[in-house]
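Structure record follows, encoded as structure tokens.
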Amino acid sequence: MIPVTAAAIPRLHPKARLQRDEVRGREVLLYPEGLVGLNATGAAIVALCDGVRSLADIVATLERRYGASGLERDVAAFLDGLAAKGLVLYGP
Amino acid sequence: MDPRPLWLLAELTYRCPLQCPYCSNPLDFAGARFKRELSTDEWCRVFREAKALGVLQLGLSGGEPTLRPDLEELVRTAHGLGLYTSLITSAYRLTKERLAGLKGAGLDHVQISVQGADADLSDEIAGTASYRDKIAAYHYTRELGFPLTVNVVLHRRNLHQVEALIRLAESLGAERIELANTQFYGWALHNRDALMPTKDQLAAAWQVVERERARLGTRLEIVWVLPDYHEQFPKPCMGGWARAYMTVTPAGEVWPCHAAGRITSLTFENVRDHPLDWIWEHSEAFNRFRGDQWMPEPCRSCPRKAQDFGGCRCQAFLVAGDAGVTDPVCSLSPHRHLIDAAVAEVEQAARVEREPEAWTYRAAPASRALATKG
């Protein structure tokens, strides 16, 4: 698998769906025969994977939102983890 | 409340046009116990109660779920609740229009079985000419944009086709292929001598799986369900009794897995009599084997108990006659000799090239005859 680059545009695989899990107070990524529980940051990243924003755009949005910097490495590692499971694809 | 279920398997009907001899439905599926199917409203209530209880994944299965004319309405309700909904079907006579309607209702994922890699073998195993419909339906799922799982139950008569089956799934552009070695419950246990593969067959198929996994990577997920009779340790059945999973049968009984109804030493409750959360939390059957307090030796002091949960309660009941003992598949079980004998019988028959016995197809007349015999 090729790691994500700043210009790559991550999007959810069409088989995966972000869903609120009210009972457990979290977001989950649902897919055929499986699920991944997400923390608030993970859910925010996945929600930004809209097939339009690049990794650089997503990182910039999150850094603005949380008043943080240097998030690129963590965001990229998180997305690469989902890509290894086949849940995230990299465009253009 | 802890644990809470994540998975619900809704067996909408036990009626089925296919007659696969390894069917996991109860042997007495045609009997009075399963006759009075839940109504549309009753199923919708089950889905609402399941969601409130924590369920996120819903399997719509059977029998053949597309025989229910209200399937679209059930899918619409489940989707509205946010459940990830999978249709588990034989695809017999399944049209593109019906699939398009289900897509519109919010169906997330389609799983279609196939019994062999070519029409001759697939139709012979299914007992019903259905291969052509299946191939057509695979293409419809692609055209409609459904994620697709190809499901194959593996046994003595089709294990040699594993490579051809993987290539079929690949050529269809499927996301997953589930290669499920037969687990011996229901009809599969009844037909065990005809279905059980030899060790050589399993070793050859496993080599193919390893090679194809390396070739395909994430392009096609290959799920290999272990042939547990040939393992040293039991499977972590359902991730533990009543921990994450439940099945509702066509007439509303609730089981911790789709085979549990055969355990005659337990009483199962019905969604017509109790809310789902009460059954999950308080019913005797769900609590009987929850956690590890019920475990006898060798499980009780075994470091693997947190990993395999003592194996499968149904298998303990069906093979050793007691649902409360260690899964007889475990090499530490005092009943392991029963598993070894069944495996040895098949190896011996293969050595002298004795043809396995003919299997009994899963069909209503056979079901009624077996129920009468007890």
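Letters A, B, ... mirror the listed sequences (proteins, then strands); counts begin at 1.
Between B:Leu6 and A:Arg24 there is a side-chain heavy-atom pair separated by less than 4.5 Å. Within the 4.5 Å cutoff, side-chain heavy atoms of B:Arg176 are placed close to those of A:Pro32. In this structure the side chain of A:Val28 reaches within 4.5 angstrom of the side chain of B:Leu56, judged on heavy atoms. A heavy-atom distance below 4.5 Å is not found between the side chains of A:Glu33 and B:Gln57. A:Tyr31 places none of its side-chain heavy atoms less than 4.5 Å from the side chain of B:Pro147.
Within the 3.5 Å criterion, the main-chain N or O of B:Asp108 finds no donor-acceptor partner in the side chain of A:Arg17.
Open room surrounds CZ on A:Arg73; 12 or fewer heavy atoms of other groups in view lie less than 6.0 Å from it.
Taking CG from A:Leu29 and OH from B:Tyr84, the interatomic distance works out to 9.5 Å, rounded to the nearest 0.5 Å.
Within the 4.5 angstrom heavy-atom criterion, no atom of B:Leu148 approaches chain A. Using a 4.5 Å cut-off between heavy atoms, B:Leu83 touches chain A through its backbone atoms (N, CA, C, O) alone. For chain A, the nearby parts of B:Arg4 are the backbone and the side chain; heavy atoms of each come within less than 4.5 Å. In this structure, the portion of A:Glu22 lying under 4.5 Å from any heavy atom of chain B is its side chain and not its backbone.
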